[in-house]
Amino acid sequence: MRAVKNNAAADPFSHRVLSIVRRIPPGHVASYGDVAKLAGRPRAARAVGNIMRGCGRPDVPCHRVIAAGGRLGGYGGSEILKRSLLVAEGIIISGSRVRGLDRVRWRPVRRVRSQKLKVRS
DNA sequence: AATCTGACTGTTG
DNA sequence: CCAACAGCCAGAT
């Protein structure tokens with residue numbers, strides 16, 4: 001049985017996007033644009049949204065992926081649920097905006113390029 | 001291969 | 001702040 005064949009979504013991009021979203025820790029968020037950028041396609045925010053729409057995986061915290069500027073973005077019509085999930089993780093939301101975005105925005109650990117220590121002698 | 005579809009985003013009025 | 005528009009993009013038809 002060939003198995004897996006009907007699944008056309010085995011592309012590197014969507015796979016990369018999903019693995020990135022999977023790493024967003026509770027209490028943190030990333031915008032569609034952020035994820036797109038991390039996935040190597042800085043202008044594919046819209047495409048990321050489409051991928052989120054289809055991800056129905058329990059291991060993918062798609063509720064932590066929001067729109068730019070702290071706006072919530074969509075959640076399959078249940079934006080209320082998305083808001084609840086975020087609040088439950090400690091995210092503070094005022095109106096329809098995440099507050100203190102800079103403090104909860106997820107920052108993947110980037111490799112520091114042999115940062116030299118300046119030693120004074 | 002061409003067209004359509006949006007959980008997007010930045011600009012403009 | 002909100003609505004309309006115009007780019008942009010990967011997936012699905």
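Note that the structure is predicted; figures quoted are calculated from it, not measured.
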Scan nucleotides 8-13 of chain B nucleotide by nucleotide, 5' to 3', and note B when protein non-hydrogen atoms come under 4.0 Å of the base, S if they reach only the sugar-phosphate, - if neither. BSS---

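Atom CZ of A/Arg97 has more than 12 neighbouring heavy atoms from other residues, nucleotides or ligands inside a 6.0 Å radius. For A/Arg103, the CZ atom is loosely surrounded, since the number of other residues' heavy atoms within 6.0 Å does not exceed 12.
Summary of the strand contacts: A/Arg43 and A/Arg97 both lie near DNA chain C, and taking for each the nucleotide with the nearest heavy atom, the more 5' one is attributed to A/Arg97.
Among residues two or more places apart in sequence or in another chain, the side chain to side chain contact (heavy atoms under 4.5 Å, CB included) test is passed with A/Leu81 by A/Tyr75, A/Ser78, A/Leu85.
The two atoms that bring A/Gly70 and A/Leu101 nearest to each other are N-CD2, 3.6 Å, heavy atoms only.
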Is there a side chain to side chain contact (heavy atoms under 4.5 Å, CB included) between A/Ile66 and A/Lys82 once you walk through the steps? CA-CA 9 Å; A/Ile66 65 178; A/Lys82 187 173 188 175; 4.2 Å; yes

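One can place CE of A/Met52 at 13 Å from P of C/dA12, the figure rounded to the nearest angstrom. At whole-Å resolution of the value, CD1 in A/Ile51 and C1' in B/dT5 are 14 Å apart. Look at NZ on A/Lys37: it is 17 Å from P on C/dC8, rounded to the nearest Å.
Heavy atoms of A/Arg53 sit under 4.0 angstrom from at least one base atom.
When each of A/Val21, A/Leu38, A/Val35 is paired with A/Trp106, the side chain to side chain contact (heavy atoms under 4.5 Å, CB included) condition holds for A/Leu38 and for no other.
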